[in-house]
Amino acid sequence: MIQVCDVIARYGYFSLKKVSLLISAGECFALIGPSGAGKTLLLETIMGVKPPAHGRILVEDADITTAPPEQRRFSYVPQDLALFPHLSVPENIGFGLRIRNTPSTEIDRRIRSVASMLRIESLLSRRDVRSLSGGEKQRVALARALAVEPRVLFLDEPFGALDTSTRRQLHVEMRDVQRRLRLTTVLVTHDLDEAFALADRIGIMIDGGIEQVGQPRFVYENPANLPVARFLLVENILRGQCVGAGPAEGERLFRVGDLMIAAAHGEPITPDRACWLGIRAQDVEITPEVADGPGSCTEEGSPAVIEAVRRHACTCTVLMRSLSDQVRLEGQLSSRREATMRLEPGQRVRIRIPSRRVLIFPGEDAAPVAAGSSG
Amino acid sequence: MVVAARRLLGAQRDMIRNRFDAILLTAVGVSTTLMLMLILVQGAYTGAKAPLRALTEHDVQHAIYLSFITSGLASVAAILLAIPTGLALARIQFPGRWLVESLLIVPIVMSPISLGVALLLIFRTEAGTWIEDHLIRFVFEVPGIILAEFFLAYAISVLVVRSTFSAVDARLEQVARFLGCTPWQAFRHVSLPLARNGIIAAFVLGWVRAMGDFGASSTIAGAVKGKTETMPVSIYLNLASVSLDRAIALSLVLTFVTVVVVIMVGLLMRRSS
């Protein structure tokens, strides 16, 4: 178990904001956030690369705040993997064991054991690590980190340089290895898919502070505040005003420009109160039928006009505006569904937003967004 | 025939893509010719026999011996100090680092005679006089040559060592620390092997610079025949007494060593990259 207690660390003018964190033994914890949020600084502070200006770090209840890195029994796989170019593949994997004066027979046994676990036995005859492919280098770096049997494994965006297919395959393998060894793992990434594929819990870091910690699905469904929602790619962030009760029990109705949007969860909102509403593009239901006149996004749907259609491999993003041009919304469909609907710019559609899918951020004093326009 | 000519023209076009490339390659050609001329003209002037005969003379052999000994000791001392200094400059951020870096390489651009004068003045101070009286004599003595050559060798060694360590990814050492290395072990097992070729290059460049020095070492140690007579000093003295064969023999030895070293450094750097 790792305990980070009120840690402040500085790098130039940037500083962590008294970070506290608890990472359980055997769990995979992903620290995610935008670039420049301080993830790597926090990681390096926990690892002992940078001393904290304030606070303590405990591992298994022992204070390691001032312990040098080599005494922490951590392993580290950095973004560039940092394989030793002057050593062969087995020498790289066994490096940590040789430094600890492990008998050579034991070194050989452990090299073969981790190589077998990561299915890289065929690479043990390779002399030049620079000639390995990206995925092979990744596995060798992981093998080197695991060979020393660390109590915590730190991964700093280690899959960033790989192609999508190799990355996904390694996510599965990494998850499997981590679970099999019950190895406490701290992963730093800005890739949401990676964090969701690997982590038991995620911590979202923004501007040097941890804004939210929880299970990936929970955090995704319930972002704690507007910056977290923005980071979690909530595409539509709209400024709305509560106008009273919604059509169903427990719902509140919000006016967003010329649209009326019902929201079903969140704390009670008093009428006339302004709030930020978050709506994921995938939650905006689009139907091609058009009926004139205003409506509610919760019932028969509101009319809107398509501004642009962006087609991707599996999905299609539809940019729309309300009839009076006060609100802009982004919707998302599967490519197959869009192919049947044949959406085109200028076409009128009807949009519907399920009330339970609307996120409410009351009292957020966020950067101003033009009323009724998408964030 | 026409096809072959077209192919030849096509190959030429591929090699020299435009007129600008042609101008650049002309500059390379002119400068290479100048350098080759410098090397070859010495042998062509007297032929091989006279210099080879001069090499068997005791005075000439002593000058070669003294040069190798003094420059060897100076460059070994220089590289031993340049390695930790270069590593510190490459790895540790401290205020005024750029100024320190500039100061350390001053002997490269400083006039060698000015360096010799500065060293002479050091031994006119109270501390310098005490060192001369109680420890070791530098002025007009062989240790003075070693001291002057040390400064010249050190400046070039530290410059090369610093850029060598800068090219070694510091993250490799960081990863080594997590694998159980102390800072010394991380240096010994990771950075040092990776910087090996650069360090060898720094040593030999410093050595050649030290061996070729005339101004600094002759200012502090004098040009005393048979005593502080290194190869460059001997060349000067032989030219002054119109003993051209001896001067050219020594000059050829110096040039030969320099050319071999430059080629060796080039090969090392190619292997490093």
Side-chain angles (χ1 to χ4, degrees), chain A residues 11-12 40 43-44 46-50 64 67-88 91-102 107 110 129-130 137 140-158 186, chain B residues 79 83-84 86-99 160-203 264-265 267-273:
Chain A
Y11 184 74
T40 298
L43 188 79
E44 290 185 344
I46 298 172
M47 292 194 305
V49 176
K50 290 191 167 65
I64 58 152
E70 64 269 22
Q71 289 174 12
R72 297 187 177 211
R73 286 187 49 220
F74 292 167
S75 264
Y76 172 46
V77 180
Q79 191 171 11
D80 57 6
L81 306 176
L83 291 177
F84 303 129
H86 60 301
L87 301 179
S88 66
E91 284 169 341
N92 260 282
I93 298 174
F95 181 87
L97 300 169
R98 269 198 315 282
I99 289 298
R100 289 156 207 236
N101 294 320
T102 311
I107 293 176
R110 281 224 232 151
V129 291
R130 288 170 296 189
K137 281 181 184 167
V140 172
L142 205 53
R144 181 181 63 180
L146 295 175
V148 293
E149 298 181 348
R151 50 184 183 179
V152 185
L153 174 65
F154 289 90
L155 306 168
D156 188 1
E157 306 200 17
V186 181
Chain B
I79 197 72
I83 290 172
L87 184 65
L89 292 174
R91 292 279 188 270
I92 304 170
Q93 296 277 352
F94 56 86
R97 187 175 67 167
W98 66 272
L99 190 62
V160 178
V161 169
R162 185 238 187 276
S163 64
T164 300
F165 281 125
S166 295
V168 175
D169 187 359
R171 202 171 282 280
L172 294 173
E173 276 186 34
Q174 210 177 70
V175 169
R177 294 287 305 276
F178 286 107
L179 292 169
C181 286
T182 60
W184 161 249
Q185 285 175 319
F187 171 72
R188 160 83 185 73
H189 293 288
V190 178
S191 295
L192 196 58
L194 289 171
R196 187 189 59 195
N197 288 348
I199 290 171
I200 294 171
F203 171 73
M264 199 177 116
V265 168
L267 286 172
L268 281 171
M269 288 308 183
R270 273 172 67 94
R271 279 187 65 185
S272 291
S273 63

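Remember, predicted model here, so these are calculated numbers, not experimental data.
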Engineer: Does some side-chain heavy atom of A:V148 sit less than 4.5 Å from a side-chain heavy atom of B:F178?
Structural biologist: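 No; the side chains remain at least 4.5 Å from each other.
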Engineer: Checking heavy atoms, do the side chain of A:R144, its backbone, both or neither come under 4.5 Å from chain B?
Structural biologist: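 The answer is both parts of A:R144.
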Engineer: At under 4.5 Å between heavy atoms, what parts of residues 94-102 of chain A are in contact with chain B? List them by residue number.
Structural biologist: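 A:F95, A:G96, A:I99, A:R100 fall under the 4.5 Å cut-off.
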Engineer: How long is the gap from CG on B:L194 to NE2 on A:H86, to the nearest 0.5 Å?
Structural biologist: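 One finds 5.0 Å between CG of B:L194 and NE2 of A:H86.
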Engineer: Please state whether the side chain, the backbone, both or neither of A:E44 comes within less than 4.5 Å of a heavy atom of chain B.
Structural biologist: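 For A:E44, the contact with chain B is made by the side chain alone.
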Engineer: For A:L83, is it the side chain, the backbone, both or neither that has a heavy atom under 4.5 Å from a heavy atom of chain B?
Structural biologist: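 Just its backbone gets close to chain B.
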Engineer: A:P85 versus B:L172: any side-chain heavy-atom pair under 4.5 Å?
Structural biologist: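 Yes, their side chains come closer than 4.5 Å.
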Engineer: What distance do B:L179 atom CG and A:N92 atom CG have between them, rounded to the nearest 0.5 Å?
Structural biologist: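 Output value for this atom pair is 9.0 Å.
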Engineer: State the CZ-OH distance between B:R177 and A:Y76, to the nearest 0.5 angstrom.
Structural biologist: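 Spacing of CZ (B:R177) from OH (A:Y76) equals 13.5 Å.
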Engineer: Considering non-hydrogen atoms only, spot the tightest contact between B:R171 and A:D80 and give its length.
Structural biologist: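 Nearest pair, atom of B:R171 first, then A:D80: CD-OD1, 3.2 Å.
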Engineer: How long is the straight-line distance from CD of B:Q185 back to CD of A:E70, given to the nearest 0.5 Å?
Structural biologist: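 It is 8.0 Å, given to the nearest 0.5 Å.
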Engineer: Which residues in residues 87-99 of chain B have any heavy atom closer than 4.5 Å to a heavy atom of chain A?
Structural biologist: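 Result: none.
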Engineer: At a heavy-atom separation under 4.5 Å, does B:A176 approach chain A through its side chain, its backbone, both, or neither?
Structural biologist: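 Looking at B:A176, backbone and side chain both touch chain A.
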Engineer: For the interface with chain B, which of A:P78, A:G48, A:S75, A:P150 has the highest count of heavy-atom pairs at distances below 4.5 Å?
Structural biologist: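 Ranked by contacts with chain B, first place is A:P78.
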